[in-house]
Number of protein chains: 2
Amino acid sequence: MSLRYALLALLTARPLTAYDMAKQFSASVGHVWHAPDSQIYPELRRMESDGLVEARELTSGGRRTKREYRITDDGLVEFRAWADTPLDYQRERDVHHLKAAYLEWADPAAAREQLQRHLTFHSEQLQQWLAQRDGVLDRSNPTLAARLENSPAEEHERVVAFKAFAYEGLIERARTEVAWARRGIDLLDRLSGTAAEAGGDVEERRA
Amino acid sequence: MSLRYALLALLTARPLTAYDMAKQFSASVGHVWHAPDSQIYPELRRMESDGLVEARELTSGGRRTKREYRITDDGLVEFRAWADTPLDYQRERDVHHLKAAYLEWADPAAAREQLQRHLTFHSEQLQQWLAQRDGVLDRSNPTLAARLENSPAEEHERVVAFKAFAYEGLIERARTEVAWARRGIDLLDRLSGTAAEAGGDVEERRA
DNA sequence: CAAGTCATGTAACGCGTTACATGATTGG
DNA sequence: CCAATCATGTAACGCGTTACATGACTTG
């Protein structure tokens, strides 16, 4: 049910087509919430029949169908209600930590590679979130810019602050994961060093 | 498909009944991987028919059926293969950060309560993971104790090290979330302070 | 003898993923 | 004119959740 609110969130800034939303879900917003086209199109249809959004057909010249969605007043009410409602917290279920607990079962090289992937993945996430945060802070993010244009100036600070706050949480999380992966690689080094005694050269050194 | 490996992981330590596994999935292991009974029982049956585990019927006195599962050699092969295989990383999808980005839509009191919940939830998680980590380090964790009994002494260090490593990742993550929630509450204070000027007393102070 | 917990499941449902399908428009 | 991108979906499947169902054994 969260996709629905992610879509409403986007539409609180400005009207968009499903295609444009799908693009955003693969790019900027997609770093927080990803969804494939095949989920977005039907969900928008459902939201339309629930009266949360309304569509305007854009027949640009030819007979190309293109539907631009706009949030309705009911949609705004629904979105505010969602914003007010606390979410349930459920127990985390993290495969990566589960695997990490059993890395002694893996080949040391395979173990190292997996931690390296963890490091790489979260480093990239970190970079993207840093970029997003900056785009929010300097107001260059297009969705944010549109949003600010449609809202009174005295609210701008709050709007920007919460967006940045959200990204900063993700940034810190990514940093935590990166640090953890590094510690894991160090641990592997230490354990293999023990096993092989003063065995050989360390082939790679991380910055 | 991860439940399968979580179950195999448990069974690498010692044979267990589905009921005992279900209990562990609600308690100790459950902090890393939770699963309800209704998923565990059928999955074990499927694993049995796939030859990864085998069951021994324990008819203790009466005609009470009770099946104790043990991992097979095929199961061990499968588990090692899993341990060697890198996982796919998919984009995170975090409702809480999504909501945080739109907290300006929420009533300030509701926003505060949600951040407070975030803080509480992750504080509790933190406590439980710290306890788990300690139970691993001092080898008092029952599953770990059983595992160590069934493995040669020279491997004990590795076994313990990876379990502790996994929990430490979760510990750091929980700490990150706690810190983020605190920052969020501070942000709310700051913004409401701005809106209400030097408004009123701060009713609660966090340690 | 009643309440709790031991012990094992089935059924329905929903969100999300992957794969598949189609056709129009635009730019090189 | 061909490839990329615009634009919109359908279908099948799987994992996980919630609710429901049952009965035996144990402890106070």
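Letters A, B, ... are given to chains in the order of the sequence lines, protein chains preceding strands, and every chain is numbered from 1.
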Closest to the A/K23 side chain, choosing from D/dG9, C/dT8, D/dC6: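 Closest nucleotide to the A/K23 side chain: D/dC6.
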
How long is the line joining [atom1] of [X] and [atom2] of [N], in whole Å?
X     : N      : atom1 : atom2 : result
B/E57 : C/dA7  : CD    : P     : 13 Å
A/M21 : D/dG9  : CE    : P     : 11 Å
A/E48 : D/dG9  : CD    : C1'   : 14 Å
B/L58 : C/dA7  : CG    : P     : 9 Å
B/E68 : C/dA7  : CD    : P     : 11 Å
A/E43 : D/dT10 : CD    : P     : 13 Å
B/Y41 : C/dC6  : OH    : P     : 11 Å
A/D37 : C/dA21 : CG    : C1'   : 13 Å

Distance test, side-chain N/O of B/Y19 to OP1/OP2 of C/dT8, below 4.0 Å: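 For B/Y19, the contact criterion (side-chain N or O under 4.0 Å from OP1 or OP2 of C/dT8) is not met.
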
B/R67 side-chain N/O to C/dA7 phosphate OP1/OP2 under 4.0 Å: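 The answer is no; no side-chain N or O of B/R67 sits under 4.0 Å from OP1 or OP2.
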
Aromatic contact, A/Y89 with B/H96 (centres under 6.0 Å):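 Yes, the ring of A/Y89 comes within the 6.0 Å limit of the ring of B/H96, centre to centre.
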
Charged N-O contact under 4.0 Å between B/E177 and B/R173: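 Salt bridge absent between B/E177 and B/R173.
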
NZ/NE/NH1/NH2 to OD/OE distance under 4.0 Å, B/R4 and B/E78: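 Salt bridge absent between B/R4 and B/E78.
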
A/R147 side chain to A/T12 side chain, donor-acceptor N/O pair below 3.5 angstrom: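 Side chains of A/R147 and A/T12: pair found under 3.5 Å.
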
CA sep, side-chain torsions, deciding dist, call: A/H122, A/W180, ring pair (Phe, Tyr, Trp, His ring centres under 6.0 Å): CA-CA 10 Å; A/H122 287 287; A/W180 181 67; 8.7 Å; no

B/E104 and its salt bridge (Lys or Arg N to Asp or Glu O under 4.0 Å) partner, picked from A/R158, A/R80, A/K163: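 Option passing the salt bridge (Lys or Arg N to Asp or Glu O under 4.0 Å) with B/E104: A/K163.
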
Trace of the ring pair (Phe, Tyr, Trp, His ring centres under 6.0 Å) decision for A/W82 with A/F79: CA-CA 5 Å; A/W82 175 75; A/F79 185 67; 5.5 Å; yes

Nucleotide-resolved protein contact map, nucleotides 14-19 of chain D, B/S/- at heavy-atom distance under 4.0 Å: -SSBBB

